[in-house]
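Below, chains carry the letters A, B, ... as their sequence lines are ordered, and counting in each starts from 1.
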Amino acid sequence: MAVSEKSPVRVRIAPSPTGFAHLGTASTALYNLIFARANGGTFVLRIDDTDVGRNRPEYEQIIYEGLHWLGLDWDEGPDKGGPVGPYRQSERLDVYKEHAARLIADGKAYRCYCTAEELDAERKQAQAEKRPYKYSRRCLTNPPQGRSEFTIRFNVPGGEVKFTDMIRGEMSFDSGLIGDFIIIKSDTYPTYNYASPVDDATMKITHVIRGEEHLSNTPYQLMVIDALGYERPQAYAHMPLILAHDGSKMSKRKHPELNLMLYREKGYLPEALLNYLVLLGWNPGTSQEIFSFDELVRIFSFDRVQHGGARFDWDKLNWINGEYIRALSDDELARRLKPFLPQLDEATIRRAAPALKTRITKLADAVDLLDYLWTDPPPPSLDQDAAGRVRAAMEALKDVAWEPPAVHDALMTVVEKSGLGPNKTFMPIRQALTGKKISPPIDYTLALLPKEVALSRLAKVAGVSV
RNA sequence: GGCCCCGUCGUCUAGUGGCCUAGGACGCAGCCCUCUCAAGGCUGAGAUCGCGGGUUCGAAUCCCGCCGGGGCUACCA
């Protein structure tokens with residue numbers, strides 16, 4: 001993507017601290033960071049906390065945590081500072097107020113004393129008459145007297161609003177269809193379509209990369225920037241939305257996959273999640289599907305971004321996560337597994353790593369495979385022959401080095417003597433040790449357990465006392 | 001309702017007038033490998049390209065209409 005030389009690239013994300021860290025925030029942050037790094041630009045984090053009713057400071061911390069987990073770190077933000085701060089909208093109230101005063105002085109905004117009820121009635125009236133609703137502009141010409149509570153409305157000038165979307169090309173909206181919208185609420189806080197462009201302009205944002213839900217908001221914001229006499233961002237990019245698996249919009253209630261922290265809890269690797277997200281709405285035009293961040297910085301481009309929303313698919317995410325896990329070294333896998341296996345010491349986790357690698361798709365899957373190491377399974381009841389083979393195995397194992405290869409060799413001599421397939425010997429052992437029919441390869445299943453514990457579990461099912 | 005965006009296998013997608021009897025990936029099925037489960041290898045099923053009209057010698061690709069989905073239309077962001 002060619003970028004004009006005139007000003008250094010500055011991009012931003014502007015999440016609202018109104019709940020858990022959002023998947024969409026992660027996705028938008030990723031595209032912004034890629035673009036920033038590709039152009040030697042700056043990535044800004046701004047907190048859009050103008051909804052007094054829903055914002056909570058702890059939610060801001062959760063956003064930081066989620067972004068840090070993914071490695072999507074910002075250059076300027078509320079916690080880091082920077083040349084164009086403050087970066088929290090609630091701390092920029094005077095900025096919005098000053099700009100609003102200027103707009104009013106220029107006749108580009110005006111106070112509105114209408115009550116919510118009156119506006120509601122206007123809207124219903126328009127609806128009943130099947131007429132597209134636009135604010136009546138009553139307060140522009142003859143505001144009601146003797147009221148003290150007011151909002152400030154933007155005086156929409158009319159005309160075409162044009163801008164460049166890096167994904168869709170030239171966009172054009174008829175602002176005659178847009179009513180005078182509120183820019184300052186009666187609680188003195190700014191609305192989104194006002195605070196956002198004021199901040200984008202004063203923070204010298206050059207490229208606005210955000211979700212598609214903001215495409216229709218862009219003309220509102222551009223009008224504000226124009227009215228203030230600021231330079232507009234060079235371009236916008238509206239990324240496709242991430243839809244629920246059934247094609248509907250994701251909702252916090254119905255779709256837990258919206259919650260970023262869920263992925264960490266389930267054991268998705270941050271780099272795998274990022275890889276999946278970038279593929280949801282973009283492709284390189286080649287068959288490559290696994291990308292490092294640096295690779296993305298090199299090859300990502302907005303002209304290969306999808307225009308329509310993409311459905312979230314756990315299966316594909318799981319596959320990608322598995323690919324990343326398999327690509328990890330044993331040491332690294334063990335390190336990442338550690339928080340998921342608090343019952344085990346590091347050495348044990350490390351010894352299990354090779355056997356786990358191709359068997360788990362998420363880190364948390366390791367628990368099912370290894371929980372026999374800290375819980376005693378109920379002993380299965382075996383028939384005489386099987387119990388006999390277990391006894392033979394105990395005998396063969398007694399003096400063997402407690403490592404998978406040695407264990408394996410010892411067991412094979414028992415298999416050979418039995419004249420039966422290996423499973424006839426291995427499965428009873430597996431069940432005796434784990435209580436399950438599925439476990440890591442039998443040599444690992446044995447060797448991961450302390451030798452005495454393993455032998456005592458075998459003894460229990462073989463009907464011998466140790 | 002108005003404005004805007006979108007519509008190719010179940011899902012993510014390639015495709016920009018002939019190379020498409022529509023390609024890849026995930027998932028699914030079968031086979032091979034194999035101590036279980038995976039991983040890996042191979043094979044296969046799966047899309048009349050939302051529908052209907054045009055334009056053209058020729059359309060998934062261009063045009064129009066319709067239908068469907070999504071977004072915005074808030075003193076939410």
Would you give me the side-chain donor-acceptor pairs under 3.5 Å for residues 254-261 of chain A, sequence neighbours excluded?
{"from": "A:N259", "atom 1": "OD1", "to": "A:M261", "atom 2": "N", "distance (Å)": "3.0"}

Quick one: label [X] by what it contacts on the DNA or RNA (base, sugar-phosphate, nothing), any heavy atom closer than 4.0 Å.
| X | value |
| --- | --- |
| A:Q127 | nothing |
| A:D443 | base |
| A:R304 | sugar-phosphate |
| A:F173 | sugar-phosphate |
| A:G281 | sugar-phosphate |

Problem - Charged tip of A:R232 within 45° of A:F163 ring normal and under 6.0 Å - result: no

Problem - Over-ring placement of A:R147 relative to A:Y113, 6.0 Å and 45° cut-offs - result: no

Using Watson-Crick or G-U wobble geometry with both distances under 3.5 Å, which nucleotide pairs with [N]?
| N | answer |
| --- | --- |
| B:C57 | B:G18 |
| B:C35 | none |
| B:G1 | B:U73 |
| B:G50 | B:C66 |
| B:G10 | B:C26 |
| B:A45 | none |

Taking [atom1] from [X] and [atom2] from [N], how many angstroms apart are they, rounded to a whole number?
| X | N | atom1 | atom2 | value |
| --- | --- | --- | --- | --- |
| A:D165 | B:C5 | CG | P | 10 Å |
| A:E257 | B:U11 | CD | C1' | 14 Å |
| A:M171 | B:C3 | CE | P | 14 Å |
| A:E160 | B:C3 | CD | C1' | 12 Å |
| A:E170 | B:C5 | CD | P | 13 Å |
| A:M239 | B:C5 | CE | P | 17 Å |
| A:I167 | B:C6 | CD1 | P | 11 Å |
| A:W282 | B:A25 | CH2 | C1' | 14 Å |

Enumerate the protein-to-nucleotides 62-64 of chain B contacts in which both atoms are nitrogen or oxygen and the separation is below 3.5 Å.
none

Distance between the [atom1] atoms of [N] and [M], in whole angstroms?
| N | M | atom1 | result |
| --- | --- | --- | --- |
| B:G18 | B:U34 | P | 49 Å |
| B:C51 | B:A25 | P | 26 Å |
| B:U61 | B:G7 | P | 12 Å |
| B:C66 | B:U43 | C1' | 43 Å |
| B:C9 | B:A47 | P | 10 Å |
| B:A39 | B:C32 | C1' | 14 Å |
| B:C31 | B:G24 | C1' | 22 Å |
| B:G46 | B:U11 | C1' | 12 Å |

Practice task
Run the numbers on A:Y110 and A:D180 for side-chain hydrogen bond (donor to acceptor under 3.5 Å, both in side chains), then give the verdict.
Solution key: CA-CA 10 Å; A:Y110 57 92; A:D180 289 351; 2.6 Å; yes

Would a line drawn from the ring center of [X] to the ring center of [Y] be shorter than 6.0 Å?
| X | Y | result |
| --- | --- | --- |
| A:Y194 | A:F154 | no |
| A:H214 | A:Y192 | yes |
| A:F293 | A:F291 | no |

Handout entry: Pairs meeting criterion side chain to side chain donor-acceptor pair (under 3.5 Å) with involvement of residues 353-364 of chain A, two or more places apart
Key =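 Qualifying pairs: A:D330-A:K357.
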
Fill in the blank from the handout: Each nucleotide of nucleotides 66-77 of chain B classed B (base within 4.0 Å of a protein heavy atom), S (only sugar-phosphate) or -, in 5' to 3' order, makes ----SBSSSBBB

Practice task
For nucleotides 36-43 of chain B, just jot down a letter per nucleotide in 5' to 3' order: B, S or -, based on protein non-hydrogen atoms under 4.0 Å.
Solution key: BBBSS---

Practice task
Name all residues meeting the side-chain contact (heavy atoms from CB on, under 4.5 Å) criterion together with A:L243; count only those two or more places apart in sequence or in a different chain, and write none if there are none.
Solution key: A:L241, A:R311

Handout entry: From CD1 (A:I182) to OH (A:Y135), nearest 0.5 Å
Key =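 Reported value, rounded in 0.5 Å steps: 8.5 Å.
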
Problem - Separation between CD1 of A:I184 and OG1 of A:T188, rounded to the nearest 0.5 Å - result: 7.5 Å

Practice task
Would you sort out whether A:E122 and A:Y133 count as a side-chain hydrogen bond (donor to acceptor under 3.5 Å, both in side chains), showing the intermediate values?
Solution key: CA-CA 8 Å; A:E122 267 191 12; A:Y133 175 70; 2.8 Å; yes

Exercise for the section: May I ask you to evaluate whether A:H307 reaches the phosphate of B:C5, defined as a side-chain N or O under 4.0 Å from OP1 or OP2? Expected result: no

Problem - Donor-acceptor pair, side chain of A:R153 and main chain of A:L140, under 3.5 angstrom - result: no

Exercise for the section: Find which nucleotide of RNA chain B each of A:M412 and A:G285 is nearest to by heavy atoms, and output the residue with the more 5' nucleotide. Expected result: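 Looking at RNA chain B, the more 5' nearest nucleotide goes with A:G285.
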
Exercise for the section: For the residue pair A:W314 and A:F312, categorise the inter-ring angle as parallel (less than 30°), tilted (30 to 60°) or perpendicular (more than 60°). Expected result: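 Perpendicular: the ring planes of A:W314 and A:F312 meet at over 60°.
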
